[in-house]
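See structure below.
In this text, all values refer to a predicted model and were calculated from it rather than measured experimentally.
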Amino acid sequence: MRIHIATDHAGLDFSRDLQAHLRGAGHEVINHGPESYDPLDDYPSFCINAALAVVAEQSAGIPALGVVFGGSGNGEQIAANKVTGARAALVWSDATARLAREHNDANVISIGARQHTVDEAKAFIDAFIGQPYTNEERHARRIAQLAEYERTGLIAGHRIDSPAATLESGTV
């Protein structure tokens, strides 16, 4: 499987260990940066590029997943989720890594490099890669609703409040 990986300065050493681990497991690893330490670098472009590559390759029928990480993993997950078709999940345990794939068909995971050891991160990544998506109807339906909202701003059969309607109703 092809694994797209991205980080910022907070996860650079982590990234090197994880890339070696993934290659050792037989995966093709594509690093979206950075290559050298810069304490002022910014993670959004790195993570967006990794997510773009995952979505493009999956759309072309190429087995691919992504792993992004930084200090907490939160910003990296947010950045990856800005890519249409990316389903990035923040993972903090083997269970959340497996459930990201099993229930949400996540194609990218995010890990906080300052929150976990390298060995914990390796276990999360292995659990994520090894867990297939169940394709159960309820999970497929929910994923389709998210994709529909991403494309149209609506979910058929469900109320989606516009920002203006929310302001007018006073429910902000």
Would you name the heavy atoms of Ala113 and Phe69 that are closest together and state the gap between them? CB-CD1, 4.5 Å
Short N-O contact, Lys122 and Asp126, less than 4.0 angstrom: no
Side-chain touch Arg142/Leu146, heavy atoms, less than 4.5 angstrom: no
Val108-Phe46 co-clustered via ILVMFWY side chain contacts under 4.5 Å: no
Just so I know, are the side chains of Asn107 and Gln58 near enough to count as touching, which here means a heavy-atom distance under 4.5 Å? yes
Does Thr84 reach the side chain of Val55, with side-chain heavy atoms less than 4.5 Å apart? no
Identify the heavy atoms of Gln115 and Gly71 that sit nearest to each other, and give their distance. NE2-O, 3.3 Å
Do His4 and Glu57 pass the side chain to side chain donor-acceptor pair (under 3.5 Å) test, and can you show the C-alpha distance, the side-chain angles, and the key distance before you say yes or no? CA-CA 10 Å; His4 294 272; Glu57 290 191 343; 2.9 Å; yes
Decide yes or no for Asn31 and Gln19: does some side-chain heavy atom of the first lie under 4.5 Å from some side-chain heavy atom of the second? yes
Rounded distance (nearest 0.5 Å) linking atom OG1 of Thr7 with atom CD of Glu76: 6.5 Å
Under 3.5 Å, side chain of Glu148 to main-chain N/O of Ala156, donor-acceptor pair present? yes
Pairwise distance CH2(Trp92) to CD1(Ile109) - rounded to 0.5 angstrom: 12.0 Å
Atom CZ of residue position Arg159 - does it have more than 12 heavy atoms of other residues, nucleotides or ligands inside 6.0 Å? no
What are the two closest non-hydrogen atoms of Ile160 and Gly153, and how far apart are they? CG2-O, 3.8 Å
Is the Lys NZ or Arg CZ of Arg101 less than 6.0 Å from the centre of Tyr133's six-membered ring, within 45° of the axis? no
Does a side-chain heavy-atom distance below 4.5 Å link Asp42 with Asp8? no
Can you confirm whether Leu65 sits close enough to Phe128 that some side-chain heavy atom of one is under 4.5 Å from a side-chain heavy atom of the other? yes
Hey, any chance Val54 and Met1 share a hydrophobic cluster, counting ILVMFWY side chains that come within less than 4.5 Å of each other, even indirectly? no
Check whether any side-chain heavy atom of Leu154 sits under 4.5 Å from a side-chain heavy atom of Tyr149, and report yes or no. no
Assess, by modelled atom type and distance only, whether the side chains of His139 and Glu102 contain a donor and an acceptor separated by less than 3.5 Å. no
Is there a path from Leu90 to Ile125 through hydrophobic residues (I, L, V, M, F, W, Y) whose side chains come within less than 4.5 Å of each other? no
For the residue pair His27 and Ile129, what are the closest heavy atoms and their distance? CE1-CG2, 3.8 Å
With rounding to the nearest 0.5 angstrom, report the NZ to CG distance, Lys82 to Leu52. 13.5 Å
Between Arg2 and Ile30 the two heavy atoms that sit nearest each other are CD-CD1, 3.3 Å
What are the two closest non-hydrogen atoms of Ile48 and Ala79, and how far apart are they? CG1-O, 3.4 Å
Could you state the interatomic distance from OH (Tyr43) to CD (Gln77), rounded to the nearest 0.5 Å? 11.0 Å
Treating Ser110 as the side-chain partner and Gly73 as the backbone partner, does any N or O pair qualify as donor plus acceptor under 3.5 Å? yes
To the nearest 0.5 Å, how far apart are CG in Asn81 and CD in Glu150? 8.5 Å
Using 0.5 Å steps for rounding, measure from the OG atom of Ser45 to the NE2 atom of His32. 11.5 Å
List the steps, then state whether side-chain contact (heavy atoms from CB on, under 4.5 Å) holds for Ile5 with Leu18. CA-CA 9 Å; Ile5 199 164; Leu18 296 176; 4.2 Å; yes
Between Ser72 and Asn74, a side-chain donor and acceptor under 3.5 Å: yes
Sequence neighbours excluded, the answer for ring pair (Phe, Tyr, Trp, His ring centres under 6.0 Å) partners of Phe124 is His116
Flag the pair Asn104 / Arg87 as yes when at least one side-chain heavy-atom distance between them is below 4.5 Å, and no otherwise. no
Cluster overlap Leu22 with Ile62, hydrophobic side-chain contacts below 4.5 Å: no
